[in-house]
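Note that the coordinates shown come from a computational prediction; the quantities given were computed from them, not determined experimentally. Just so you know, residue 1 is the first one in the sequence shown, and it goes up from there. These numbers come from the heavy atoms of this one structure, side chains and all, not from hydrogens, waters or symmetry mates.
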Amino acid sequence: MRKSPWVLLIFVLIGGLLGGILGEILHVMAPQGTIQSIFATHFNPGINPPLTIDLVLLKLVFGFNIKVNILSILGMFIGIYLYKHV
């Protein structure tokens, strides 16, 4: 049975989303210390500030920002694993 790359993308996105949610929960619930510093820290790759092109009649704004933490990356890998084994 051939698997679609769209299904892989959905698995990776859902895994990253669930990992990110878990990271935010740990950020709020975990006491200050090692667990919070390792699992709850994140970095934001993206375009900041967004690129703006003003053409008088039309204004185009291009940009993105992704909030990534260790648990969201782990969730993405779990999504890939589940995709391959389901």
Side-chain angles (χ1 to χ4, degrees):
M1 184 171 138
R2 185 170 175 255
K3 296 182 181 179
S4 170
W6 292 107
V7 175
L8 174 62
L9 181 66
I10 290 171
F11 270 74
V12 169
L13 288 176
I14 290 174
L17 179 66
L18 292 176
I21 290 170
L22 184 60
E24 290 296 320
I25 291 171
L26 272 177
H27 180 71
V28 173
M29 302 294 281
Q32 294 284 8
T34 308
I35 292 176
Q36 190 176 27
S37 66
I38 291 174
F39 291 112
T41 58
H42 62 275
F43 63 98
N44 293 326
I47 300 172
N48 191 15
L51 174 68
T52 303
I53 301 172
D54 191 0
L55 301 173
V56 180
L57 179 65
L58 179 67
K59 182 183 272 191
L60 302 171
V61 179
F62 299 101
F64 68 94
N65 193 4
I66 302 172
K67 186 175 181 181
V68 180
N69 61 18
I70 291 177
L71 290 176
S72 62
I73 294 172
L74 181 65
M76 290 178 195
F77 283 124
I78 291 173
I80 293 170
Y81 176 79
L82 289 174
Y83 172 77
K84 288 183 178 181
H85 291 91
V86 171

Original post:
To the nearest 0.5 Å, how far apart are CG in L22 and NE2 in H27?
Top reply: 13.5 Å

Subject >> salt bridge (Lys or Arg N to Asp or Glu O under 4.0 Å) pairs, two or more places apart, involving residues 13-29 >> reply: E24-K67

Subject >> Spatial distance of atom CG (L26) from atom CD1 (I70) [nearest 0.5 Å] >> reply: 11.0 Å

**OP:** Kindly state each residue pair satisfying salt bridge (Lys or Arg N to Asp or Glu O under 4.0 Å) with at least one member in residues 29-39, sequence neighbours excluded.
**Re:** none

**OP:** State, to 0.1 Å, how close Y83 and F11 come at their nearest heavy-atom pair, and which atoms those are.
**Re:** N-CD2, 3.8 Å

Subject >> Transitive ILVMFWY side-chain link V86 to L13, under 4.5 Å >> reply: no

Original post:
With the 4.5 Å side-chain cut-off for hydrophobic clustering, are I80 and M76 part of the same group?
Top reply: yes

**OP:** Any chance you could pull the hydrophobic cluster mates of L18, using side-chain heavy atoms under 4.5 angstrom and chaining through other members?
**Re:** I10, I14

Original post:
Among the clusters formed by ILVMFWY side chains lying less than 4.5 Å apart, do L82 and L71 turn up in the same one?
Top reply: yes

Subject >> Inter- and intrachain pairs under salt bridge (Lys or Arg N to Asp or Glu O under 4.0 Å), touching residues 40-55, at least two apart >> reply: none

**OP:** Flag yes if I78 and L9 sit in one hydrophobic cluster, no otherwise; membership is Ile, Leu, Val, Met, Phe, Trp, Tyr, and two members link when side-chain heavy atoms are under 4.5 Å apart.
**Re:** no

Subject >> Under the ring pair (Phe, Tyr, Trp, His ring centres under 6.0 Å) test, residues paired with Y81 that sit two or more places apart >> reply: H85

**OP:** Check the hydrophobic clustering (I, L, V, M, F, W, Y; side-chain heavy atoms under 4.5 Å; chains of links allowed) and say if V7 and V12 are grouped together.
**Re:** yes

Subject >> Closest non-hydrogen atom pair, V61 against P50 >> reply: CG1-CB, 3.7 Å

Original post:
What's in the same ILVMFWY side-chain cluster as L51, cut-off under 4.5 Å, chained through other members?
Top reply: I53, L55, L58, L60, F62

